Amino acid sequence: MIYIVDDDDALRDALAWLLKSRGIGCLGFESAERFLQFARLAGPAAQQPGCVLLDIRMPGMSGEELFSRLGGERLCGAWPVIFLTGHGMVPMAVEALKGGAFDFVEKPSSDNTLVSRLEAALAESARRIEQLASAAALKARLASLTPREREVMELMLLGLYNKVIGDRLGISMRTVEVFRAKVFEKFGVKTAVELASLLAMRRQEA
Amino acid sequence: MLPIALARTRHFSLHRAQQALRRAWEHGIEARWGIPASIAFLLVAAALLLVALATTKERSEAREQVIMDTLLAREAIDFQIKREIEALQRIGTPAGPGPFGPDDVERLRRFLRRAREIQAVTLLDENLGPLQRVLRDSEPDGLAQVPREIVEAAHDKASELGKAAFSRAFQSPRGPSLALVVPVPSAAAGTANYLCVTYLLNDLLQEVIPWTLAQDYAFTLADVADTVVARRQSVGRGLEAYTHQLPLELPGTTLRLGLDSVRGAPFWITSVLRGGIAMLAALLLWSLWALWRDHKRRLAAEQRAGEEAAFRRTMGHCAVIGLVARDLAGKVTYANPAFCETVGYGEDELVGANWAQVCWTAELHEEYRRRLEDLLHGRSPKSAHQTFLLRRSGERFPAALYDAPLLNAGGRQVGWMSCIVDLTEQRQVEERERLQQERLQTAARLTTMGELASCLAHELNQPLGAIASYLAGSQNMLRAGEVDHAELLRVLGSASAQTQRAGQVIRRVHRFVRKQEPQRVEVDVGGLMEECRTLIELQAKRARVKVETCLEPGLPALRGDPVMLQQVILNLTRNAIEAMGDVPVARRRLAISAVRDDGGVRIGIRDFGVGIPPEDAERIFSPFHTTKREGMGMGLPICRSIVETHGGRLWFEVLGDGTVFNCWLGAST
């Protein structure tokens with residue numbers, strides 16, 4: 001689903017037609033404020049792949065401002081944002097990219113190029129949703145650990161031997177092995193290396 | 001050696017002479033005044049000396065005279081008394097024994113008629129008592145008794161001396177008197193009779209002193225104790241200026257005869273004279289001093305006047321503007337070098353010439369003359385008179401004249417003084433500036449154009465983008481072969497509408513950018529605003545400003561150049577939008593209004609911006625005054641000049657929450 005935010009009725013209509021011709025659904029918003037309202041209420045819709053096509057220059061709230069608001073309120077994080085810019089606004093667009101926008105398209109564009117970009121954005125959206133889901137799962141697994149299991153895991157990730165971990169925590173090596181097995185079980189991994197790579201991903205995201 | 005020494009001496013003496021000359025020059029004033037001052041002093045001294053000498057001489061002469069006269073008077077008295085004593089000795093003897101017979105009395109009476117100072121002659125008996133008395137004529141009897149001791153004292157002296165002797169002076173009922181006892185032979189031989197003769201002293205002075213002396217003096221007789229016993233003041237009291245006393249030796253007694261001149265008084269005459277002379281001398285000195293002071297003041301005044309004149313001359317020479325003074329007939333009395341240079345005449349040629357003929361054309365001078373009259377009567381403001389003057393070459397040049405009546409020391413007008421500024425250069429500068437301004441206007445117009453063109457490019461992107469999308473979608477649809485005809489038609493209709501929209505934008509740009517000569521056509525305010533609307537909205541959108549337009553219905557048409565008026569409105573709206581760059585977005589509003597006002601239309605461009613600080617308010621319409629970073633400061637001056645060439649007015653009001661620029665333009669009728 002593409003969310004078009006542009007004050008020009010004709011442009012929204014034309015883009016809707018173009019996207020329809022490529023079999024992509026879209027929703028139009030005449031101002032940034034309207035889209036912000038929608039985003040706040042979106043809820044489950046935000047879990048679907050989508051992309052925001054945002055006109056930079058609009059009366060009232062501008063495209064850039066909307067973009068920063070969305071970031072600030074952690075809204076629609078799964079939806080990449082593509083800016084629509086006018087002639088001579090490249091510096092502004094570069095700023096937007098630095099700020100985390102997915103792409104920018106200069107008006108008037110070769111329209112099928114725009115569609116390709118939108119498709120790429122949708123794919124990115126899907127990936128982001130998946131990532132968010134796995135991150136959520138990892139978070140749930142971490143939450144399920146008991147405090148002792150967590151301590152053991154932290155020391156394990158440092159690459160220490162079971163005996164050393166036992167000494168540090170004041171427990172027997174045997175008990176360490178039991179905790180270790182439980183942690184492996186909860187994360188669904190077989191070796192400490194697998195566990196480390198899983199958590200490294202999560203750490204990256206954090 | 002010798003020539004050198006000579007030269008040195010000559011040089012030395014020359015040097016000394018020079019020094020002396022310089023000293024003389026430096027003390028010139030004192031030297032000039034020294035001679036009259038010393039003459040005056042000498043004159044006064046001589047006068048005083050003369051007076052002193054004259055006084056002294058007069059005094060000594062008067063003194064000699066009084067001494068002489070005293071001697072004469074004493075001589076007269078002395079002589080008279082001696083003669084009388086002799087006569088009495090001769091006639092005082094009675095003819096027979098005993099008292100005087102009738103013949104004797106008759107003889108004595110005759111004697112007494114001549115000797116009028118004698119009161120009585122008394123024949124004494126042996127006991128010195130009065131035996132018989134003969135009185136002078138009309139002398140009452142009974143007042144001629146002589147005290148006995150006086151008679152006895154005189155008798156003692158007489159017998160001691162053996163001749164007639166006087167008593168001391170005594171007071172008888174008839175005044176101060178002297179008694180004279182004269183021994184006379186008696187009829188009986190060997191015995192002597194004594195006569196007692198009574199002298200009245202007052203009568204003595206009266207009768208004996210010659211009248212030639214009497215008219216000049218007061219006379220006194222004093223006794224041994226210096227007590228005045230008798231006086232004669234026939235011509236008044238003496239003034240005690242010139243007096244003299246001499247002892248009057250009489251047999252048996254001595255009196256003092258004193259003279260006191262009534263003429264006298266040379267003293268007060270000389271004192272008046274002396275005072276007068278002194279006063280005159282003082283006056284002379286004072287007048288000399290006053291003259292000297294006056295002279296000094298005059299010299300100082302002359303020096304001041306000279307300095308003043310030099311100062312003014314220098315001022316006139318230094319002045320870069322021309323200065324000309326002339327009398328009431330127009331004859332030039334002064335022209336400074338600046339003016340001479342301007343008109344190309346020499347000072348000697350100008351002074352004395354009639355400047356109306358030299359520097360003026362007839363009709364302009366007539367106008368100028370009228371202006372001077374107006375100026376004199378206060379009818380004309382004291383501003384510059386702009387006109388044309390003539391150079392020597394006959395070339396006319398623009399000039400500004402500032403005139404003031406030239407007054408003499410008495411405050412009466414004797415001519416005119418004018419400052420003349422040659423405006424040739426200024427006019428050239430103004431012309432250059434005007435051209436510059438025109439070029440700048442064009443530049444400003446182009447700048448605005450460029451900016452607007454950029455805006456318009458954005459505006460064009462919008463319909464073009466839409467068209468591209470419509471067509472691309474349609475292509476996709478057609479390729480896929482699943483075409484909904486109704487849908488496709490709608491889309492193509494929309495695309496077509498967008499092309500029209502784009503075309504409109506382009507037409508507007510074209511109309512705006514097209515170079516047009518200034519024209520005067522009827523301009524509809526609504527149309528004008530509509531033309532500007534797109535551009536204003538574009539700018540407003542970019543600056544996120546809300547535009548409100550309010551036009552009064554049925555506004556009259558204006559007359560002017562629509563493109564220029566658009567320029568004005570766009571400029572003002574652009575300024576208004578830029579003025580709101582720093583206020584919160586919610587407040588950014590641009591209110592455009594047009595209302596009927598005063599036989600025309602007033603267009604108001606109101607912003608809700610930061611307003612105009614007072615220090616900028618004054619200069620806001622001056623060229624090159626700008627508050628913007630990249631501004632040239634030409635926008636508002638150009639707007640103003642455009643509005644003014646349309647016969648309108650452009651002004652602004654600072655309100656509490658922004659500014660409104662008003663532009664009034666007259667209706668076309």
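In this text, all values refer to a predicted model and were calculated from it rather than measured experimentally. Proteins come first, then strands; the chains are lettered A, B, ... in the order of their sequence lines, and each starts at number 1.
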A.B. asks: Highest number of heavy-atom pairs under 4.5 Å with chain B: which of A/Asp7, A/Leu15, A/Asp8?
C.D. replies: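 Looking at each option in turn, the highest pair count goes to A/Asp8.
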A.B. asks: So which part of B/Gln498 gets closer than 4.5 Å to some heavy atom of chain A, the side chain, the backbone, both or neither?
C.D. replies: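 Only the side chain of B/Gln498 comes within 4.5 Å of chain A.
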A.B. asks: So, for B/Gln462 and A/Leu11, which heavy atoms are closest and what is the spacing to 0.1 Å?
C.D. replies: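 Nearest pair, atom of B/Gln462 first, then A/Leu11: O-CD1, 3.6 Å.
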A.B. asks: Would you say A/Arg34 has more than 12 foreign heavy atoms packed within less than 6.0 Å of its CZ?
C.D. replies: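 No, CZ of A/Arg34 has 12 or fewer neighbouring heavy atoms, counting only those of other groups under 6.0 Å.
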A.B. asks: Nearest heavy-atom pair of A/Leu18 and B/Gly473: which atoms, and what distance?
C.D. replies: CD1-N, 3.2 Å
A.B. asks: Count the heavy atoms belonging to other residues, nucleotides or ligands that lie under 6.0 Å from CZ of B/Arg490, then report whether that count exceeds 12.
C.D. replies: yes
A.B. asks: Would you mind telling me which of B/Arg479, B/Lys546, B/Arg501, B/Arg588 has the largest number of heavy-atom pairs within less than 4.5 Å of chain A?
C.D. replies: B/Arg501
A.B. asks: With a 4.5 Å cut-off on heavy-atom pairs, point out which of A/Asp13, A/Asp6, A/Leu19 contacts chain B the most.
C.D. replies: A/Asp13
A.B. asks: Return yes when atom CG of B/Asp484 has more than 12 non-hydrogen atoms of other residues, nucleotides or ligands closer than 6.0 Å, and no otherwise.
C.D. replies: yes
A.B. asks: Return yes when atom CD of A/Glu73 has more than 12 non-hydrogen atoms of other residues, nucleotides or ligands closer than 6.0 Å, and no otherwise.
C.D. replies: yes
A.B. asks: Between B/Ser469, B/Ala468, B/Ala497, B/Ala466, who has the most heavy-atom pairs with chain A when the cutoff is under 4.5 Å?
C.D. replies: B/Ser469
A.B. asks: Counting C-beta onward and ignoring hydrogens, is there a side-chain heavy-atom pair between B/Arg544 and A/Glu65 closer than 4.5 Å?
C.D. replies: yes
A.B. asks: Let me confirm one number: the OG-CG distance from A/Ser21 to B/Leu488, rounded to the nearest 0.5 Å.
C.D. replies: 10.5 Å
A.B. asks: Determine whether A/Lys20 and B/Val491 make a side-chain contact, defined as any pair of heavy atoms from C-beta on separated by less than 4.5 Å.
C.D. replies: no
A.B. asks: Does the side chain of A/Trp17 come under 3.5 Å of the side chain of B/Ser494 through a donor N or O and an acceptor N or O?
C.D. replies: no
